[in-house]
Number of protein chains: 2
Amino acid sequence: MLITSGPDPDTTAKTGYARGRVKRRQILEAATAVFADVGFNGASLREIAARAGISHPGLLHHFPTKPALLEAVLKHRDEVDTTAFDADIARGVSKFEALLLLAERNQQRRPLVELFMAVGAEATSPAHPAHEYFVNRYEQAVSFFREWFESEELRAGLQPEDAARHMVALMDGLQVQWLMSLGGPPEREVDMAACLRSYLHLVLPA
Amino acid sequence: MLITSGPDPDTTAKTGYARGRVKRRQILEAATAVFADVGFNGASLREIAARAGISHPGLLHHFPTKPALLEAVLKHRDEVDTTAFDADIARGVSKFEALLLLAERNQQRRPLVELFMAVGAEATSPAHPAHEYFVNRYEQAVSFFREWFESEELRAGLQPEDAARHMVALMDGLQVQWLMSLGGPPEREVDMAACLRSYLHLVLPA
DNA sequence: TCCATTGCTTACCAAGTGGTAGGGATTCGG
DNA sequence: CCGAATCCCTACCACTTGGTAAGCAATGGA
């Protein structure tokens, strides 16, 4: 359904023995870090396997191909993120605040942000194994914001569609700036959440 | 001065014979396309060389290493872009319009946009050969917009620094959305320039 | 016309790539 | 405690990677 459509390409599902499940999680974490550093094309299965404390055919035992591994990483992160967001909403937090919470959480998980940046940028090429995944992701994100803004009082003259595009673009773009700022002095670190908030206050005069 | 600091790492400078200069330009074009497709780490010198109609040691004759080639590509594009922008300004075009013109020009040169996306995303890692280049680039871009907005009447409560960050983030983020939209139906293609304009009208009530 | 510079080739290298084969351990339900 | 499923290893495969060595041909200033 996502990239390949095999019956159940080894994800974090509770199949197999306990030891295997643990290893699979370690592999996913290592893969996240390596994909984040050098992108999908630049990553090597041996490097990922070494970080997970396993041989590279051992890795391929759990995730049969490199694209399958990428798919599992992306799927896993989506699950974690959406459940956290939904939990915030269920707790009665507004969409506005739930969004900022998401940005703040991301600010503490640098490898994840780097992963989506690096792989997402590669995936603009239609031949990339995660291309469709990212196209869908963007469509969903824009729709989410458009629907939200359609039910709010926007600053005069601003279309919900445009505001939605702005939001998605800002989240992406600010993440790059934040990552780039991490090498420098800490006081010059970009504050993504604050920057997002100032845009929302600009758009929603409420 | 940029990445390496050799005496004059073979760029488009008018050194050597005419034939060599032509080849160098072809190589830069091919490299732009390939880096754009698969990023720096994913690109292969042989692939680039083949597209430029040369053997891969032939390529290394002009650009001695892979990072040197990347440096030359980035430097070349900066020169082209800034001279075009400066020409617009000299023609009496406002910064506002010159910026939109830049966005519109980019919209017609997809490979370039893909290049900066793909390489820029990889380059968040401090070990990347173009890391410093991109850090400087972002600092300059934010400064440019901050200084501009400081001399304009901004919507109440919006800091020039935040607005500058927004602009840079929007340009980056909209480019991703635009690239992702290119596979789909043409009428759903993202209009970067229009989207940027709507933000500027939001921020500069003039 | 000489001849150093430049341009570019084929041949080669060690290292790393994703993936396969096959076989020993380990695990755990029956 | 048996036996099937799972785990994961070493060894190997063909192929690609960035870079080097050595040499030959074209160029263009003297």
Side-chain angles (χ1 to χ4, degrees), chain A residues 3-4 6-28 30-31 34-35 37-73 122 127-129, chain B residues 3-4 6-28 30-31 34-35 37-73 122 127-129:
Chain A
I3 296 173
T4 65
D8 192 73
D10 268 322
T11 60
T12 326
K14 283 155 201 149
T15 62
Y17 303 156
R19 179 188 177 107
R21 258 174 277 137
V22 169
K23 227 4 161 218
R24 243 165 285 159
R25 195 158 283 243
Q26 290 174 4
I27 292 172
L28 285 182
V34 175
F35 284 146
D37 243 37
V38 293
F40 174 74
N41 287 306
S44 103
L45 295 183
R46 282 171 174 83
E47 165 78 12
I48 296 169
R51 292 206 200 185
I54 201 178
S55 69
H56 97 272
L59 186 159
L60 288 167
H61 165 71
H62 292 289
F63 305 94
T65 68
K66 201 186 179 189
L69 175 59
L70 175 63
E71 177 189 356
V73 169
E122 282 179 349
H128 195 282
Chain B
I3 296 174
T4 65
D8 193 72
D10 267 322
T11 60
T12 327
K14 283 153 199 150
T15 62
Y17 302 157
R19 179 185 177 109
R21 259 174 277 136
V22 169
K23 223 15 159 209
R24 242 164 288 160
R25 197 158 282 244
Q26 290 175 3
I27 292 172
L28 285 181
V34 175
F35 284 146
D37 242 36
V38 294
F40 173 74
N41 288 305
S44 105
L45 295 182
R46 281 170 174 84
E47 165 79 11
I48 295 169
R51 292 207 200 183
I54 201 178
S55 68
H56 97 272
L59 185 158
L60 288 168
H61 165 72
H62 293 289
F63 306 94
T65 66
K66 201 187 178 188
L69 175 59
L70 175 62
E71 177 189 357
V73 169
E122 281 179 350
H128 196 282

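Chain naming here is simple, since letters A, B, ... match the order of the sequence lines and numbering starts at 1 in each. Quantities reported herein were computed from a predicted structural model and do not represent experimental measurements.
Checking side-chain atoms of A/Glu122 against main-chain N and O of A/Gly39 turns up no donor-acceptor pair under 3.5 Å.
B/Phe63 places none of its side-chain heavy atoms less than 4.5 Å from the side chain of B/Leu45.
Judged as a salt bridge (charged side-chain N to carboxylate O under 4.0 Å, His left out), not a single pair has a partner in residues 58-67 of chain B (not counting sequence neighbours).
Rounded to a whole Å, the CG atom of B/Leu60 is 16 Å from the C1' atom of C/dT6. Between the CZ atom of B/Phe63 and the P atom of C/dT6 there is a distance of 15 Å, rounded to whole Å. Whole-Å rounding puts the A/Leu69 CG to C/dG19 P distance at 10 Å.
Residues A/Ile54 and A/Ile27 share a closest heavy-atom pair of CD1-CD1, 4.4 Å. Pairing each heavy atom of B/Val34 with each of B/Ala43, the nearest pair is CG1-CB, 3.7 Å.
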Could you list the protein-to-nucleotides 3-8 of chain D atom pairs, N/O on both sides, closer than 3.5 Å?
| unit_1 | atom_1 | unit_2 | atom_2 | d |
| --- | --- | --- | --- | --- |
| D/dA5 | N3 | A/Tyr17 | OH | 3.0 |
| D/dC7 | OP1 | A/Tyr17 | N | 3.2 |
| D/dC7 | OP1 | A/Arg24 | NH2 | 3.1 |
| D/dC8 | OP1 | A/Arg19 | NE | 2.9 |
| D/dC8 | OP2 | A/His62 | NE2 | 2.8 |

Nucleotides 13-17 of chain C: which of its N/O atoms have a protein N/O under 3.5 Å away?
| unit_1 | atom_1 | unit_2 | atom_2 | d |
| --- | --- | --- | --- | --- |
| C/dT17 | OP1 | A/Ser44 | OG | 3.0 |

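Looking at residues two or more places apart in sequence or on another chain, you find a ring pair (Phe, Tyr, Trp, His ring centres under 6.0 Å) between A/Phe35 and A/Phe40. A/Lys23 pairs by the side-chain hydrogen bond (donor to acceptor under 3.5 Å, both in side chains) definition with A/Gln26, not counting sequence neighbours. Partners of B/Arg51 according to the salt bridge (charged side-chain N to carboxylate O under 4.0 Å, His left out) rule, which considers only residues two or more places apart in sequence or in another chain, are B/Glu47.
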